[in-house]
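Remarks on the structure that follows.
Throughout, protein chains are lettered first and strands after them, A, B, ... in sequence-line order, and every chain is numbered starting at 1.
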4 protein chains.
Amino acid sequence: MGRPRNTELDAALLDAAEELLLERGFSAITVEAVATRAGTTRPAFYRRFDGIPQLVLSLLLHRFAIDLDRVIDCGNLPADLEAIQRDQVELFANPLVSRSLAGFLDAVQTDADLRAVFVQEFLAPRRYGAGMIIHRAVARGEIPDNPNVEWACDLLTGPLLMRALMPGLSGLDDALIGQSVSSTLHALGYRSP
Amino acid sequence: MGRPRNTELDAALLDAAEELLLERGFSAITVEAVATRAGTTRPAFYRRFDGIPQLVLSLLLHRFAIDLDRVIDCGNLPADLEAIQRDQVELFANPLVSRSLAGFLDAVQTDADLRAVFVQEFLAPRRYGAGMIIHRAVARGEIPDNPNVEWACDLLTGPLLMRALMPGLSGLDDALIGQSVSSTLHALGYRSP
Amino acid sequence: MGRPRNTELDAALLDAAEELLLERGFSAITVEAVATRAGTTRPAFYRRFDGIPQLVLSLLLHRFAIDLDRVIDCGNLPADLEAIQRDQVELFANPLVSRSLAGFLDAVQTDADLRAVFVQEFLAPRRYGAGMIIHRAVARGEIPDNPNVEWACDLLTGPLLMRALMPGLSGLDDALIGQSVSSTLHALGYRSP
Amino acid sequence: MGRPRNTELDAALLDAAEELLLERGFSAITVEAVATRAGTTRPAFYRRFDGIPQLVLSLLLHRFAIDLDRVIDCGNLPADLEAIQRDQVELFANPLVSRSLAGFLDAVQTDADLRAVFVQEFLAPRRYGAGMIIHRAVARGEIPDNPNVEWACDLLTGPLLMRALMPGLSGLDDALIGQSVSSTLHALGYRSP
DNA sequence: GTATAACCGAGACGGTACGTCAGGTCTTGAT
DNA sequence: ATCAAGACCTGACGTACCGTCTCGGTTATAC
């Protein structure tokens, strides 16, 4: 019951957060600035979000929604992994992600509730997708039984994360796709047919 | 001229920062809290450091000083990489690092001066060490010419960074050493003798 | 033509206001608290009252209703004045009045509409009563012509008001009745028979 | 020790409070408005005052400082009382007082600390002065022993308080001086020589 | 042997932003 | 037309820290 939420405000706050994130980076965002740019006030912000980290998570979930129905399946492991990595490079190369990631992960380490939502809504679906692909490859006989899925994920994502966060490195380019897929295939025991 | 700095205060500030970092995490540290715990005042802090990120960098440089003279050289590439990774796992597993890394990297993205010092004093020496090892392996004929050093570093460090920052994963254990060394050797074209 | 007002809510709001007034004083009352304690909501409050001062005035008018028909008339001036003062001491000694008076008078200074209602509904009838008594005394020949009614009222009410509002004084006790009556009689030129 | 207070800010805050008090009345003053008009910010305000009531008390104490050395002594009771009442009429007629009094007294009822300071710094000296005058009159033989000082003060101040606070009355004029002095003299048992 | 310059603690400065409370209003679905 | 519920936007609250400055008072080196 009660007066319904003004959904335009939700969108305005997310948009404002996106702009400020791109302009100034995570640590420089303030609730005040987000609310002002969205044309509203702090109380309206706090009615919707618990704080900046939760707002950023919301933003990430909206901008990088995952479609669990439209799961990748190219028919063979190399093509599947390449598709995953193409998505991941795009994700980490997106300024929205690269500007917010470090600060957001810092918040995640401190706030257990935030961490739980992040894992469940953002990370788990992506890991589930990768796990599916690998298990399908096992089923097809492309790779041996008992694949180390977690290590495969580390190999796929770790290097991209590094390029996104560590200063003084080359950026994220498509060369990383082939390299990481190749390393991952080897780690999973894939032998080219 | 003038009264010399009280060097005990430098140490006291670093110790205070370390304690607070471990207790509350990067984003919760304040200059006020550090100065108070060190038994001094904010002006004394600002005489020594430009801000919290610079303090944390100082702390990391003190606690994880690198000895460029005592460079790793076990005589063969697998042993050298294993030595590097043993060090790296120890580094990322250290709570001081895992609690401060994300927040610190966020600050690094924003502050160009901080970034320059971090790259020069912390990252470059470590990358230099890895580069040396790989080039020695080329000279020994263990691996082909023109090794992709940056990609090798990505493979060595990326997965560890991921375990340190991303929530919901297994921690950093010694199993990662063998896995990452193996992947890196393969990526460098190493063939076991 | 519409659902009728729930008259129990009117009473519930007045009761809630009385309780809060006695517990916390005028300046600490909020519309929110009154509505909540009355078991209703702010909109219901605002349908009935323009604000806290109007609510308090309503409360005073209800609790200290004046019966213009049952006018004091003891037959002689001293007895009439004593009757008036007995009522007035009771009024000012009532915690409901002493807790709300200062804050309410402050609101009255600011809000002209409120002032008009307060004067007309609360003050005027009481002054009218006092005026009646004095003019009857003139008619009886107890005091000279052209009595200064306003000054008499000041003498009757001023000291009680002072005891009610100023801190650090003795409270309102019955000794004030005799003293104020005596002073007023003298001011009106009364000579004991 | 420490950086000394900027005394101009103290004065600016008091001036701002005075202006706003005269323009809008006690209940409409906010810390925000006072600080803004004084050209500073809320934290600077709270470094000096505990709140609006304390600020107003400070203002009253500054604007109506009492000089205990320059005590009234005209040599006879009627002249002394007249001098007191001349001061008091001036006090209550001052818009600063009449606009702030009701709201301030409301705050005084709620806040025990404020009340203590108000009584000690503002009321007590004035009452002490009145007491002195009356006791001197006893010593001179102008009035009987054991004068009821409190009742005399009620008679002197009560009517003025009433004119200042109650709406719909004549203002404070000099006629009140003679009337109140006359009533007080009578109450004290003074017989004209 | 005494300036002088940089430090020390303390605590103020002018500020930004915090997260909250309450204001008075409006909208909804139901009575 | 009223009800409760609960949203809306506004404005102010009192607080925490920010980064800086001004003190009165130590130290030491450099004159």
Applying ring pair (Phe, Tyr, Trp, His ring centres under 6.0 Å) to Phe118(D) and not counting sequence neighbours gives Phe104(D), Phe122(D)
Closest non-hydrogen contact found for Ala44(A) with Leu9(A) is CB-CD1, 4.4 Å
Between C1' of dA22(E) and CG of Leu55(C), the distance in whole Å: 16 Å
Below 4.0 Å: OP1/OP2 of dA5(F) and any side-chain N or O of Thr41(C): no
Ignoring hydrogens, what is the shortest heavy-atom contact between Leu114(D) and Pro53(D)? Give both atom names and the distance. CD2-CB, 3.5 Å
Asp106(C) vs Phe26(C), test: side-chain contact (heavy atoms from CB on, under 4.5 Å). Steps then yes/no. CA-CA 10 Å; Asp106(C) 184 58; Phe26(C) 185 90; over 6 Å; no
Rounding to a whole Å, what distance do you find between Phe45(D):CZ and dT16(E):P? 19 Å
With nearest nucleotides of DNA chain F determined for Ile52(D) and Gly39(C) from heavy-atom distances, which residue corresponds to the more 5′ nucleotide? Gly39(C)
Under 3.5 Å, is there a donor on one side chain and an acceptor on the other for Asp111(B) and Gln54(B)? yes
Stepwise, does the side-chain contact (heavy atoms from CB on, under 4.5 Å) test hold for Glu23(D) with Arg37(D)? CA-CA 13 Å; Glu23(D) 288 171 18; Arg37(D) 167 128 5 168; 2.9 Å; yes
Give the intermediate values and the outcome of salt bridge (Lys or Arg N to Asp or Glu O under 4.0 Å) for residues Asp15(D) and Arg63(D). CA-CA 10 Å; Asp15(D) 290 348; Arg63(D) 295 292 185 267; 3.0 Å; yes
Would you jot down, in residue-number order, the residues of residues 5-32 of chain A having a non-hydrogen atom under 4.0 Å from DNA chain F? Arg5(A), Asn6(A), Leu9(A)
If the sugar-phosphate is the primed atoms plus P, OP1 and OP2 and the base is the rest, what is the B/S/- string for nucleotides 25-31 of chain E, using protein heavy atoms under 4.0 Å? BBBB--B
With a cut-off of less than 4.0 Å, is there a side-chain N or O of Thr40(C) near OP1 or OP2 of dA4(F)? yes
Out of Leu14(A), Leu21(A), Leu22(A), which one pairs with Glu18(A) under the side-chain contact (heavy atoms from CB on, under 4.5 Å) rule? Leu22(A)
What is the distance, rounded to the nearest whole Å, between atom CG of Asp50(D) and atom C1' of dT15(F)? 14 Å
Ala33(A) vs Arg48(B), nearer the 5' end of DNA chain E by closest nucleotide: Arg48(B)
